[in-house]
Visitor: 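This is the structure I have questions about; it appears just below.
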Amino acid sequence: MSANPLQRDHSMPGEIHESVRPFLSNHKREGDLLRPFLAAGFDISWANTRTYERTTITVFLLRASAELAESYGFEYELVLAYSRFDAVEPRTIRAIEHVFSTDPAKGRVEPLLCFLISEAPNTDAWVSSYLLENKESRIVVPFAASALVEKSADAWTVRNQLQKHFLLLDRYKYTLPLREDTYFFGRGHELGQILDFCRRSENAAVFGLRKTGKTSLLWKLQRVLEKDPKHRVEVFDGQSPSLRKRHWNQALEYIAKRLVRDQLPGALPGFSELDAADEFLSVLRTLVQVANLERITIVIDEVEWITPRTAADKHWETEFLEFWQAIRTAQSIFPRFNVVIAGVNPAIAEESRFGDFQNPLFGIVTTIFLRGLSKLESNELVQKIGKIVGIRYDPTALLSLFEQYAGHPLLTRLACSHVAQMAQVAGEPFPLKVAKGRLDKQRALRDDELVFYVRHVVDELERFYPEEYRSLEALSVGDIQKFQFAASQGQSCTHLFRYGVVSAPEHPYVTYSVLADYVASENARREGRPWRMRLAAPDDREGFLSVRLREIAEDMRELERVAKAASQPSLFGPNSFPEADRLRDAVVAKDSQTLGSTLSILNRCFIESIDRYGTSIAEKKYFFSKVKAAYPSLFDALHRIRVYRNNEHHLELVPGVEASLREYLQRDLDEALAASDQKYWALLQRCLDELIRAIQIELARLEQ
């Protein structure tokens, strides 16, 4: 056998901490198994045995060397478990899971990854099968004990398993609601709000677009609330036939059965139409006494399925009244009983009446609209899952993902999954570093893969709010004036703002660029345009150009003011953009010459003004350094103008500019438009649309 692991082997990058040595002196087998991990660069910092559900495992905490931490993205220590049994079972995994929730591992170790050494001969196959069936499980990297004690076992024995079971598993691609905490990210603010309502026994409502994580949030709510044994929580699915097919009194009985969990003696009452409301209250009273409860919360997800006008089963057009009146009666007598409803369509919380009936829930629920994850939450999701699939996104890539998918958790995850798949198909080595350029090059192909999910999101908007959807279309194709007029008409765009699809009335832009592209494409198909972009009519272009340039100048000065207040780097210096008067000389682009002329005016007015200010403060690369870092969206829009202008004025472009030109043309002109005589105006309109959109994004960001 190899050297005694208790003796410091200076050829080993890793070492055994003194506190662990007494344990290993009584566990020689474990000491032999650790040698390849020491060779790979892991320190052994803690050791002990743990028993859970009649299963005993040996647990070590490993600390990765700086080189390993850099290669694999390890920030914390790692759990290594050893099972001496000749079979791996689910309870082995449950025992490891228990380790994560107890000291000293709790809060100290990598949360999404662990190592398992087993004496079982089929360890690899069993773990691979388990992870396929349990996609919410943290990653388990398996090691056969027999392989670790071979004389040939070394650092690569460990690294090869990491490559096979850690880096090449796609944990981004998971489309079902999350029942566990392992891959639940963000939503701390919304969760805190709903928890407060439930603990005060107040009713709440959660509404959001499809796949924004409503159901995952509700299950998280249940897990948190039920840590208090005196708080009973049940989650119901409104679209399930088990609920929606029942009449109102039968639905109350179904809810009562789920709440009591077979804890009451004897059978439940009959729940006839005449007595169901009283019997529901009686069940609650008895349950509180028998189970020693203090609070009861029922959660109904997909509530539109039992709401008038959107219900699939016609009896809910009228029976919603009896159902919710019975719930309200129970709440008035038992005040520690509350309801949380959730869905896409918030009519049940917003409408005062449905036909001839008053809405029993109107005015008694507090509504929360679930938007995309915040930028920090989105970054956390991307980076933490990225660690376990071997992908690191740099700051430019993280920002690009957020701008394209607005923190929508599923779209963001699927976009990252596509990046991983493309890299694997290309045979690229992992770990992989991803920058914005990679995302831009793969964008069209990636978003084609996401069309199904984007359509799912948009269909709900079009179904419930057709007028608002038309306004969204206008904004998606660049008709900002039409959108602003619609938004000024009372509540005509309210849900677009509440869902987070559009930024804000003051600085409107579609937050999901992938959604804007899809809506524009569908609009083109419906209107019979051969290209996605809706171009201003030829007779309207002079007016469009004049109005759009005036808006850009006004909003750019507003951005300067807001940026100064936010202590951001100046764009143009104390004199603003001194060439502003030249904007009136811009002409409608009809050919290469007129396009080049107007782009030169835009370039001189905005970009050269930035360059001159940078030179005045001795920063020659000011545009590509400070402006790019401080105003990323604005930089992209201005860089587009600069690249197109250079293309019109230079016979040859340097390779970097040539690559940028190809990228912008791919984004801005589809094949039909590129082949038409409208392409010159299309490029100018696109530059103007993207510039004003970028200004709105920067204003919205700085004013938060």
Side-chain angles (χ1 to χ4, degrees), residues 209-210 404 406 411 443-445 447-489 492-497 499 501-503 508-548 551 588-591 595 640 664-693 696:
L209 295 176
R210 292 291 178 204
Q404 290 177 47
L411 294 179
R443 179 172 177 175
L445 183 60
D447 288 353
D448 283 346
E449 293 291 317
L450 297 180
V451 161
F452 169 79
Y453 299 97
V454 175
R455 184 186 297 122
H456 195 39
V457 171
V458 169
D459 284 350
E460 298 293 341
L461 281 172
E462 190 171 16
R463 174 188 172 196
F464 294 138
Y465 310 110
E467 291 304 316
E468 291 190 52
Y469 180 79
R470 299 291 174 256
S471 298
L472 177 65
E473 276 189 323
L475 194 58
S476 297
V477 298
D479 194 344
I480 297 176
Q481 286 82 11
K482 182 176 180 179
F483 177 85
Q484 289 178 323
F485 177 78
S488 68
Q489 305 302 302
S492 60
C493 294
T494 298
H495 295 97
L496 297 178
F497 299 126
Y499 287 133
V501 174
V502 177
S503 55
Y509 64 92
V510 182
T511 55
Y512 301 79
S513 64
V514 62
L515 187 147
D517 291 344
Y518 173 78
V519 171
S521 297
E522 287 296 292
N523 174 262
R525 181 185 59 78
R526 192 175 67 252
E527 294 185 354
R529 291 196 308 276
W531 42 72
R532 181 180 66 83
M533 191 174 180
R534 180 195 280 173
L535 301 178
D539 292 344
D540 298 334
R541 288 176 185 175
E542 283 192 17
F544 173 93
L545 184 62
S546 175
V547 171
R548 181 55 53 88
E551 291 174 335
V588 171
K590 300 177 181 178
D591 50 32
L595 174 62
R640 169 189 273 102
Y664 283 125
L665 287 172
Q666 183 180 21
R667 286 160 59 178
D668 296 344
L669 296 181
D670 50 37
E671 187 175 342
L673 189 52
S676 79
D677 60 358
Q678 299 294 307
K679 66 180 179 181
Y680 301 105
W681 169 255
L683 288 177
L684 178 57
Q685 182 176 321
R686 182 70 168 177
C687 285
L688 298 175
D689 287 349
E690 288 301 307
L691 180 54
I692 198 165
R693 177 178 180 271
Q696 305 311 310

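Computed from heavy atoms alone, side chains included, the values below leave out hydrogens, waters and symmetry copies. If you're wondering where the values come from, they're calculated on a predicted model, not measured in any experiment.
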Visitor: Check the pair Glu473, Asp479 against side chain to side chain contact (heavy atoms under 4.5 Å, CB included), reporting the backbone distance first and the verdict last.
Guide: CA-CA 8 Å; Glu473 276 189 323; Asp479 194 344; over 6 Å; no

Visitor: Would you say that Phe544 contacts Gln685 through its side chain, given a criterion of any heavy-atom pair below 4.5 Å between the two side chains?
Guide: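 Phe544 reaches Gln685 side chain to side chain.
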
Visitor: Does any N or O in the side chain of Ser546 come within less than 3.5 Å of the main-chain N or O of Gly543, such that one atom is a donor and the other an acceptor?
Guide: no

Visitor: Using side-chain heavy atoms (C-beta onward) and a distance below 4.5 Å, is Leu683 in contact with Leu665?
Guide: yes

Visitor: If you round to the nearest 0.5 Å, how far is CZ of Arg686 from CG of Leu684?
Guide: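 Between atom CG of Leu684 and atom CZ of Arg686 there are 13.0 Å.
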
Visitor: Please report the shortest heavy-atom distance between Ile692 and Asp689, naming the atom on each side.
Guide: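 Nearest pair, atom of Ile692 first, then Asp689: CG2-O, 3.3 Å.
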
Visitor: List for me each residue that meets side chain to side chain donor-acceptor pair (under 3.5 Å) alongside Arg541, sequence neighbours excluded, and say none if there are none.
Guide: Gln678

Visitor: Suppose we screen for side-chain contact (heavy atoms from CB on, under 4.5 Å). Which residues come up paired with Tyr680, at least two apart in sequence or across chains?
Guide: Ala589, Ser592, Leu595

Visitor: Which atom names give the shortest non-hydrogen contact between Ala520 and Ser476, and what distance separates them?
Guide: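 Shortest heavy-atom contact: CB-O, 4.0 Å.
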
Visitor: Could you tell me whether the side chain of Leu515 reaches within less than 4.5 Å of the side chain of Leu411, counting heavy atoms only?
Guide: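 They are not in contact (no side-chain heavy atoms under 4.5 Å apart), so the answer is no.
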
Visitor: Where do Ser503 and Pro508 come nearest, in terms of heavy atoms and distance?
Guide: OG-CA, 3.4 Å

Visitor: Evaluate the side-chain proximity of Tyr499 to Leu461: yes if any heavy-atom separation is below 4.5 Å, no if none is.
Guide: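 Yes; the side chains approach each other to less than 4.5 Å.
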
Visitor: With side chain to side chain donor-acceptor pair (under 3.5 Å) as the test, would you mind laying out the steps for Ser513 and Arg693 before giving the verdict?
Guide: CA-CA 11 Å; Ser513 64; Arg693 177 178 180 271; 5.0 Å; no

Visitor: Tell me every residue that passes side-chain contact (heavy atoms from CB on, under 4.5 Å) with Glu527, counting only those two or more places apart in sequence or in another chain.
Guide: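 Asn523, Arg529, Arg534.
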
Visitor: How many angstroms lie between atom OG of Ser521 and atom CG of Asp447, to the nearest 0.5 angstrom?
Guide: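 Here the rounded value is 10.0 Å.
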
Visitor: Before accepting this row, confirm whether a basic side-chain N of the pair Arg470/Glu462 lies closer than 4.0 Å to the acidic partner's carboxylate O.
Guide: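 Looking at Glu462 together with Arg470, the answer is yes, because their closest N to O distance falls below 4.0 Å.
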
Visitor: Closest approach of Ala682 and Met533, non-hydrogen atoms and distance?
Guide: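 Looking at all heavy atoms of both residues, the shortest contact is O-CE, 3.5 Å.
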
Visitor: Give me each pair satisfying ring pair (Phe, Tyr, Trp, His ring centres under 6.0 Å) with a member in residues 514-539, each pair once, sequence neighbours excluded.
Guide: none

Visitor: Check Glu468 against Cys493 and note the closest heavy-atom contact, atom names and distance.
Guide: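 Residues Glu468 and Cys493, closest heavy atoms: OE1-C, 3.2 Å.
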
Visitor: For Ala474 versus Lys482, what's the shortest heavy-atom pair and its separation?
Guide: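 Looks like CB-CD, 3.8 Å.
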
Visitor: Looking at CZ of Arg526 and CD of Glu522, how far apart are the two atoms once the value is rounded to the nearest 0.5 Å?
Guide: 8.5 Å

Visitor: Find out whether Leu545 and Leu688 are in side-chain contact, i.e. whether some heavy atom of one side chain is under 4.5 Å from a heavy atom of the other.
Guide: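 Leu545 reaches Leu688 side chain to side chain.
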
Visitor: Are the side chains of Asp517 and Arg443 in contact, using a 4.5 Å heavy-atom criterion?
Guide: yes

Visitor: Side-chain contact test, heavy atoms from C-beta onward, threshold under 4.5 Å: evaluate it for Leu496 versus Phe483 and give yes or no.
Guide: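 SC-SC contact between Leu496 and Phe483 confirmed.
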
Visitor: What residues, two or more places apart in sequence or in another chain, satisfy side chain to side chain donor-acceptor pair (under 3.5 Å) together with Glu467?
Guide: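 In terms of side chain to side chain donor-acceptor pair (under 3.5 Å), with neighbours along the sequence ignored, Glu467 is linked to no residue.
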
Visitor: In Å, rounded to the nearest 0.5 Å, how long is the span from CG of Leu450 to OH of Tyr512?
Guide: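 Between Leu450 CG and Tyr512 OH, I get 13.0 Å after rounding to 0.5 Å.
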
Visitor: How long is the span from the OG atom in Ser471 to the OH atom in Tyr465, to the nearest 0.5 Å?
Guide: 14.0 Å

Visitor: Please enumerate all residues that pass side chain to side chain donor-acceptor pair (under 3.5 Å) together with Arg640, with sequence neighbours excluded.
Guide: Asp668

